[in-house]
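As structure tokens, the structure follows; a few thoughts come after it.
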Amino acid sequence: MGRKSCTGVVTGAIHIPTVSFGPKEINTTALAEFGEYIRSVFPTVFKTSFVQHEVIGEYSHLFTVQGSDPSLQPYMLLAHSDVVPAPDEGWEVPPFSGLERDGFIHGRGTLDNKNSVMAILQALELLLLRNYIPRRSFFIALGHDEEISGHNGAQKISALLQARGVQLAFIVDEGNFILDGFIPNLKKPFAIIAVTEKGAINLMLQVNTTPGHSSAPPKETSIGILAAAVSRLEQTPMPNMFGSGLLKMTLQELAHEFPFPTNIILSNLWLFGPLVSRLIERNYITNALVRTTTALTMFNAGVKVNVIPPVAQAIINFRVDPAQTVQEVLELVKNIVADNRVQFHVLSAIDPLPVSPSDHQALGYQLLRQTIRSVFPEVNIVAPGVCIGNTDSRHYTNLTTSIYRFNPLYLNPQSFQSIHGINEKISVRAYETQVKFIFEFIQNADTDQEPVPHLHEL
Ligand SMILES: CCCCCCCC/C=C\CCCCCCCC(=O)N[C@@H](CCCCN)C(=O)O
Ligand SMILES: [Zn+2]
Ligand SMILES: [Zn+2]
């Protein structure tokens, strides 16, 4: 692994500002540098004869690791190298310094998602250095534009693999974690493997009115009309879908970890469901698990201090609950706004993804579960759940019906806030454990259905 230490490779990766700024704005210089960087720190990956490397969409990377047993269906590991912007303000350390301090690596991308990019390649590098030859083929797809929808990265990789006739046993991507401290009274951490993800709508509302002199204003301006409309949306939450969702299943699996009487309440959701769903919606994070959320993210209007604004625009980002469709949400939105002076422009929309299997036959789910139990023996509960964000994995539904979103890391509410926020960081120990997890996972995927201990230990 070149001359860098295990964590040195991550700090170097954080240092390269591979920022996706906006729909078509990416940092091509940084992305090209990132490609050179992974070549330099993982030389064995790039020189092994049974590992094929291709650059797709100019900056994404596809690795095909040819297994020795062609009868086994391949799988795929996903991660992305781009990050969201990070202005310096508010950070304890500059976000692209990649500084390692007090046992933590600091910076944008340490949790989302250069940790996974580097851990996957590092685990593979270590296996190859130990002369490990996988039985089951697998792909590693590293997108470069996940934060702006993955149209040039994941979408192109998916099309290429489809053209090659590839069908996958399963996919593992980012998306959920081992959650710690999200539920009051539940001291123990629990692992949630997301088996579906919410949909999303970016909706622009626009109001046009006649411009004029501000000294004699009309009763309502475009700004006032639009502000009232978005305020109605913010004040009117979408319906609580608790009863129809996966969350019920998740909570039932968690029930016996709670003290009395919560354990009884969660084991009897047929009776206490309404009470539980009301408690869940009180917290803004868990609220996202029971409904389509409404986030007012942009508002633009006005041209000069003394001109009645001709146009006002707002963008609202909805995250669509898996029990609803984009169309259903748009209908509800129109009814809430109930003002025909407000125009609706759907900028982008994706429906929620289908639910992947999590039963005993579900290979990908069971391999994750097995590896979680081995690497995190203190975690008693592994349950299926919903990913509240969107991931590149949604571009791969043509290749498999088994998509699992799980990062083998602990996440608490504070670290959740740091994703796309400030002071994103990962502990050195957590990163090393993520490498260990992938190192074991790849070997577990080579064992027969009945899990047997793997050969190599880190
Ligand atoms: C009973 C369970 C309690 C659970 C509490 C929920 C905790 C939530 C945990 C993790 C959620 C992290 C979500 C990480 C996914 C990040 C992926 C991401 O940022 N995607 C972007 C894609 C943007 C694409 C452009 N439109 C996004 O979703 O915005
Ligand atoms: Zn991400
Ligand atoms: Zn992200």
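Start at 1 and go down the list; that is how both ligands and their atoms are numbered.
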*Kindly confirm whether the Zn ion (ligand 2) is within less than 2.8 Å of some N/O/S atom in Glu146?*
no
_Just to be sure I read this right, does ligand 1 sit under 4.0 Å from the backbone of Glu146, its side chain, both, or neither, counting only heavy atoms?_
both
_If the contact criterion is a heavy-atom separation under 4.0 Å, does Leu179 count as touching ligand 1?_
yes
*Any idea which part of Ile192 is under 4.0 Å from ligand 1, heavy-atom wise: side chain, backbone, both or neither?*
neither
*Hey, can you tell me if Phe63 and Phe46 have their rings parallel, tilted or perpendicular (30° and 60° cut-offs)?*
perpendicular
*When the ring planes of Phe376 and Phe437 are compared, do they come out parallel, tilted or perpendicular, using 30° and 60° as the limits?*
tilted
*Could you tell me whether Arg405 approaches ligand 1 through its side chain, its backbone, both or neither, with non-hydrogen atoms closer than 4.0 Å?*
neither
*Atoms of ligand 1, numbered as shown, that sit under 4.0 Å from any heavy atom of Asn390*: 17 (C), 18 (C), 20 (N), 21 (C), 22 (C), 27 (C), 28 (O)
*For atom 3 (C) of ligand 1, which protein heavy atom lies nearest, and how many Å away is it?*
Leu289 CD1, 3.6 Å
*Report, in ascending order of atom number, the atoms of ligand 1 lying under 4.0 Å from any heavy atom of Asp112.*
19 (O)
*Considering all heavy atoms of both residues, which atom of Ile285 and which atom of Pro413 are nearest to each other, and what is their separation?*
CD1-CB, 4.5 Å
*Going by the angle between their ring planes, with limits at 30° and 60°, are Phe416 and Phe182 parallel, tilted or perpendicular?*
perpendicular
*Is it true that a side-chain atom of Glu424 and a backbone atom of Thr110 form a donor plus acceptor pair closer than 3.5 Å?*
yes
_For the Zn ion (ligand 3), give me the closest N/O/S atom belonging to Glu147, just the atom name._
OE2
*Phe104 and Tyr431: aromatic ring centres closer than 6.0 Å?*
no
*Answer yes or no: is there an ion pair linking Arg164 with Glu54, defined by an N-O contact shorter than 4.0 Å?*
yes
*Could you list the atoms of ligand 1 found under 4.0 angstrom from a heavy atom of His420?*
19 (O)
*N/O/S atom name from His80 that is nearest to the position of the Zn ion (ligand 2)*: NE2
*If you look at Asp112, which of its N/O/S atoms is nearest to the Zn ion (ligand 2)?*
OD1
_Please list all pairs meeting salt bridge (Lys or Arg N to Asp or Glu O under 4.0 Å) that have one or both residues in residues 252-272, counting only residues at least two apart or in different chains._
Lys188-Glu257
